[in-house]
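The analysis underlying the following values was restricted to heavy atoms, covering all of them including side chains, and did not include hydrogens, waters or symmetry mates. Residue numbers count from 1 along this sequence. From a predicted model like this one, the values you see are computed outputs, not experimental measurements.
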Amino acid sequence: MHYGNSKQKYIRFGLYALIIGLVALVQNSPYILPDIFGSRAFILLPLCVSIAMFEREIAAAIFGAVSGILWDICSVKDGFNSIVLLLICVVCSLLIIRLMRNNILTALVLGAGSVVSYCVIYVIVNLFFDGAGASVRQIFTFYLPSCIYTLAFIPVFYFPISWIYNSHKTADE
């Protein structure tokens with residue numbers, strides 16, 4: 001069975017991996033992205049959602065897991081980010097494949113849903129399973145502003161990922 005020119009797919013995946021590495025470096029390094037009123041941007045999340053919107057579920061799961069591993073390297077939670085990003089990427093990919101159209105409005109909706117889902121899951125895991133961590137005050141002073149700050153990065157990543165996908169699309173996609 002011939003699947004077209006897979007060289008374009010390898011170039012596209014290599015570009016995605018390079019961007020993920022650079023974004024993980026920016027997110028995990030202090031003082032590169034400014035903290036606005038004590039909130040931080042989780043910029044790997046909108047990047048992963050943007051990639052998942054253009055790729056099939058297996059590729060989206062792999063890129064989500066790799067992004068989560070890079071996030072977990074600098075995080076206290078071992079494996080939490082990789083599992084959550086994997087799940088978010090698979091859900092976003094399946095929603096685009098089965099139910100939704102791929103456009104900037106959908107990217108904003110999926111991005112907002114994924115950022116809020118990530119923060120809610122993080123707070124629940126910290127409150128109920130660790131017995132420490134987030135309080136109700138932190139939800140409104142850190143997590144909600146961080147969600148809003150992160151949402152600003154969805155168009156920043158959607159359009160370049162769209163360009164990469166469309167310029168390196170294979171014949172069978």
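Residue Asp72 comes nearest to Ser82 through the heavy atom pair OD2-N, 3.1 Å, listed as atom of the first residue, atom of the second, then distance. Contact between Gly64 and Leu85 at its shortest, heavy atoms only, is O-CB, 3.4 Å. Residue Ala52 comes nearest to Cys89 through the heavy atom pair CB-O, 3.4 Å, listed as atom of the first residue, atom of the second, then distance. Between Pro160 and Phe157 the shortest heavy-atom distance is CD-O, 3.4 Å. Nearest heavy-atom pair, Ser50 versus Ile161, reported as atom, atom and distance to 0.1 Å: O-CG2, 3.7 Å.
Residues His168 and Leu15 form a side-chain contact, since some pair of their non-hydrogen atoms from C-beta on lies under 4.5 Å apart. The shortest distance between side-chain heavy atoms of Leu47 and Ile19 falls below 4.5 Å. Within the 4.5 Å cutoff, no side-chain heavy atoms of Phe37 are placed close to those of Pro145. Residues Leu95 and Leu110 form a side-chain contact, since some pair of their non-hydrogen atoms from C-beta on lies under 4.5 Å apart. Contact annotation: the side chain of Tyr158 never approaches that of Ile51 to less than 4.5 Å [non-hydrogen atoms, C-beta and beyond]. Inter-residue side-chain proximity for Asp35 and Tyr149 is flagged as unmet; no heavy-atom pair is nearer than 4.5 Å. Using a 4.5 Å heavy-atom threshold, the side chains of Ile154 and Val49 count as separate.
Not one N or O on the side chain of Ser29 forms a donor-acceptor pair closer than 3.5 Å with the backbone of Val26. In this structure a side-chain-to-backbone donor-acceptor pair under 3.5 Å is present from Ser146 to Phe142.
To the nearest 0.5 Å, the span separating CZ on Arg12 from CD1 on Ile164 amounts to 10.0 Å. Here the straight-line distance linking atom OG of Ser67 with atom CD1 of Ile62 works out to 11.5 Å at 0.5 Å rounding. The distance from atom OG of Ser93 to atom CE of Met53, rounded to the nearest 0.5 Å, is 10.0 Å. Once rounded to the nearest 0.5 Å, the distance linking CD of Glu57 with SG of Cys92 reads 12.5 Å.
Trp71 and Phe42 have tilted rings, their planes meeting at an angle from 30° to 60° on a 0 to 90° scale. The aromatic rings of Phe13 and Phe63 lie perpendicular to each other, with more than 60° between the two planes, well past the 30° mark.
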Subject >> Tyr16 and Glu55: CA distance, side-chain angles, deciding distance, side-chain hydrogen bond (donor to acceptor under 3.5 Å, both in side chains) verdict >> reply: CA-CA 11 Å; Tyr16 290 161; Glu55 296 298 332; 3.1 Å; yes

Subject >> Evaluation steps, side-chain contact (heavy atoms from CB on, under 4.5 Å), between Leu33 and Phe153 >> reply: CA-CA 12 Å; Leu33 281 177; Phe153 286 94; 4.0 Å; yes

**OP:** Dump the intermediate steps for side-chain contact (heavy atoms from CB on, under 4.5 Å) on Ile43 and Thr150, then the final yes or no.
**Re:** CA-CA 6 Å; Ile43 60 174; Thr150 302; 5.8 Å; no

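Cluster membership check: Ile96 shares its hydrophobic cluster with Trp163, using side-chain heavy-atom separations under 4.5 Å among Ile, Leu, Val, Met, Phe, Trp and Tyr. Leu151 and Tyr143 end up in the same hydrophobic cluster when Ile, Leu, Val, Met, Phe, Trp and Tyr side chains are linked at under 4.5 Å. Transitive grouping of hydrophobic side chains (ILVMFWY, heavy atoms separated by less than 4.5 Å) brings Tyr165 and Ile11 into a common cluster. Ile97 and Phe54 sit in two unconnected hydrophobic clusters of ILVMFWY residues. Membership requires side-chain heavy atoms under 4.5 Å apart, directly or through other members. In the hydrophobic clustering of ILVMFWY residues, with side-chain heavy atoms under 4.5 Å counting as a link, Leu99 and Leu108 come out together.
Of the candidates Val115, Leu45, Ile121, Leu45 is the only one forming a side chain to side chain contact (heavy atoms under 4.5 Å, CB included) with Ile88.
Applying the side-chain hydrogen bond (donor to acceptor under 3.5 Å, both in side chains) criterion to Tyr118, with sequence neighbours excluded, gives Asn81. Partners of Ala24 by side chain to side chain contact (heavy atoms under 4.5 Å, CB included), not counting sequence neighbours, listed by chain and number: Asn28, Leu44, Leu70.
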